[in-house]
Amino acid sequence: MIDLKYLQNNFEEASAKLQKKGVENATLENLQTLFTTLKEANAALESAKAEQNSMSKLFGQYMREGKDVTELKVKVDANKEAMVPLQEKAREAEEALYEVALAVPNFPDDSVPEGMDEEDNVELKRVLEPKMFNFEPKEHWALAEKNGWIDFERGVKLAKSRFSVLRGDAARLERALINFFLDTNREKGFEELCVPFMNNAQMLQGTGQLPKFEDDLFKIEGEDLYLIPTAEVPLTNMYNDEILSEKELPVLMTGYTPCFRKEAGSAGRDTRGMIRQHQFDKVEMVAIAHPDRSDEIFEMMVQNASDILTALGLPHRVVELCGGDLGFSAARTIDLEVWLPGQNRYREISSISNTKDFQARRAKIRFKDGKKNRLVYTLNGSALAVGRTLIAIMENYQNEDGSIEIPEVLRPYM
RNA sequence: AGAGAGGUGGCCGAGUGGUCGAAGGCGCACGACUGGAACUCGUGUAUGGGGCAACUCAUCGAGGGUUCGAAUCCCUUCCUCUCUGCCA
C-alpha cells in the first residue's frame with residue numbers, strides 16, 4: 001500500500017509518479033478525500049468514546065462511594081446512543097478507504113524510465129553472444145517431441161490445458177536445475193527455505209496479490225487458502241506482522257516452489273509449448289532489507305540471476321522496465337530475458353523487483369531503528385524460472401539431429 | 001476427525017465485571033557501586049492510530065455480543081498441548 005500521509009502532503013508529486021503507472025488523478029483525489037473523511041470520522045468517534053470512558057469511570061467511582069447514579073446513567077445512555085451513527089460512519093469510511101487504497105499500485109522509482117508498455121523498456125546490456133547455428137534451430141516443443149521430453153497431451157488429461165508432464169531426462173534436468181539454482185543462491189548468502197505451497201488470504205494481501213488479483217489465483221474450496229503464484233508470497237510473509245532488530249537485516253532467503261497461476265487474461269498467448277503454464281517450478285530470492293541498503297541488494301540479486309544464466313552458457317539481456325510495464329507492487333524492476341534461438345527472440349526468464357515499503361506496509365514488516373519502528377524494504381526476484389530455463393537449454397543446446405547437450409555445470413547434478 | 005485443557009507484554013506468570021495497558025519474576029537498556037567485572041541497588045522497558053506537545057483512542061489469539069463499564073460473562077472461529085483415531 002502507498003503511504004497515504006505522503007499522498008496527502010505531496011499530492012502533486014505523488015500523482016505525477018503514479019501517472020507513470022497509469023493511475024488516474026481522479027482515483028488519487030478520491031483516495032485523498034476518503035482518507036480525510038476517515039480521519040474526521042475517527043476524530044469524532046474518538047472524542048465521543050473518550051467522553052464515554054470518563055463517564056464510565058465516574059460511574060464506578062459513584063458506585064464505590066454509594067452515590068446515586070440514576071442521573072449519570074441517563075447522560076451515559078444518551079452518549080452511547082449518539083455514538084452509534086458515528087461508529088457506523090467511521091466503519092464505512094474505513095471500508096471505503098481500504099477498498100480503494102489496496103488497489104492503488106506502488107510508486108515507481110524516480111529512476112524508472114517513462115513508457116507505456118514493454119516496447120518502452122530499456123535494454124541495459126547483453127551478456128553472451130547468441131550462438132550461430134549452421135541449421136535452422138527448432139522450437140522447444142518440436143525438440144520435446146523428438147526427444148520424448150514433454151508429454152503435453154497427458155498433462156492435459158491429468159489436469160487441463162496448460163498443464164504438461166516432463167519425462168525422463170527432462171524431468172531429471174528440471175530437478176538438476178532446481179538443485180543448481182538453490183546451491184548457487186545459498187553460496188551467495190541466501191538461506192534455503194522449504195515453505196507451504198498454500199498461503200492464507202492475509203499473506204496474499206501482504207504481498208499485493210489480494211484483493212485486486214484474486215482472479216489469477218487458484219483458491220482451495222472451503223478453506224482460507226490459495227495455491228501460491230510465486231514463492232515471493234511465503235518467503236516475504238515469513239516476517240508478516242513482525243518487528244526485526246536492525247542487526248538481523250538483511251534477511252536473504254531462497255526457496256524452490258511450484259507456482260500456480262490461472263493466467264486469466266492471457267487466453268491465446270503462448271498456448272503452444274511450455275512457456276506459459278498453470279503450474280511451473282521456480283527458485284526465488286527474497287530480501288528483507290534496511291531501506292538504506294536496498295539498492296545495493298537489488299544490484300546483487302540482478303547480478304546473481306545473470307551469473308546463473310552465464311554459468312549455464314545462456315545468452316541473455318538485462319532490461320529495465322518502464323513505468324507502464326512495472327508490476328503492481330514494484331517500485332523498480334529489472335527483467336532478464338534469455339535468448340531462444342528457436343523463437344528467434346529474447347523471453348523473460350527472471351524478474352527482480354524492489355517493492356520498497358509497499359509490501360512491508362501491507363504485511364506490517366518492520367525493524368527497530370533505534371527506538372522507532374520503521375518499515376523494511378522488500379525485494380524479490382527469480383533465480384530462476386525453472387521451466388523456462390529448461391526450454392532455453394533445449395533451444396540453445398540443440399544439435400542438428402534434435403539431440404540436446406547438457407550444460408557443463410549441470411553434469412554433476414545429473 | 002473425536003474427548004479434554006489452554007491461548008495475557010521479548011519470555012515466564014498473576015489477574016474472573018470498575019482504581020488493569022495489565023502485579024510479580026526473568027531478560028534487556030541506562031545509571032550508581034568496582035581498578036574492571038559479577039553480585040547488589042536505582043530507573044526505564046508492548047504495538048498501532050489521531051493531535052504530532054499536553055493528551056487521547058484501540059489492542060490481553062481473532063471476530064461478534066451482553067453491560068454505563070470486559071483480559072474477566074456469552075457466541076463463533078483459529079491456534080497450541082494431552083489422550084484416542086488416522087496417516088507420509
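In what follows, every heavy atom counts, from backbone to side chain, and hydrogens, waters and symmetry copies are set aside. Just so we're on the same page: letters track the sequence lines, and every chain starts at 1. As the structure is a computational prediction, the values presented were derived from the model and not from experiment.
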Any ion pair linking A:Arg91 and A:Glu94 (charged N to carboxylate O, less than 4.0 Å)? no

Between A:Lys356 and A:Tyr377, is NZ or CZ placed under 6.0 angstrom from the six-membered ring centre and within 45° of the ring axis? no

Integer-rounded Å distance: B:U67 C1' and A:Met55 CE: 15 Å

Can you give one letter per nucleotide of nucleotides 53-59 of chain B, going 5' to 3': B for a protein heavy atom under 4.0 Å from the base, S for sugar-phosphate only, - for none? ---SSS-

Pairs under 3.5 Å (N/O, protein and nucleotides 21-23 of chain B):
none

Can you tell me, in whole Å, how much space there is between the P of B:C60 and that of B:U72? 8 Å

Could you tell me whether the phosphate oxygens of B:G49, OP1 or OP2, come under 4.0 Å of any side-chain nitrogen or oxygen in A:Asn42? no

Quantified in whole Å, what is the P atom distance between nucleotide B:G25 and nucleotide B:A14? 15 Å

What does A:Gln61 touch in the nucleic acid at a heavy-atom separation under 4.0 angstrom: a base, only the sugar-phosphate, or nothing? nothing

Check whether any side-chain N or O of A:Lys5 sits under 4.0 Å from OP1 or OP2 of B:C52, and answer yes or no. no

Quote, to the nearest angstrom, the C1' distance that separates B:U43 from B:G49. 29 Å

Tell me what A:Asp224 touches on the nucleic acid: a base, only sugar-phosphate, or nothing, going by heavy atoms under 4.0 Å. nothing

Are A:Phe358 and A:Phe328 close enough that their ring centres sit under 6.0 Å apart? yes

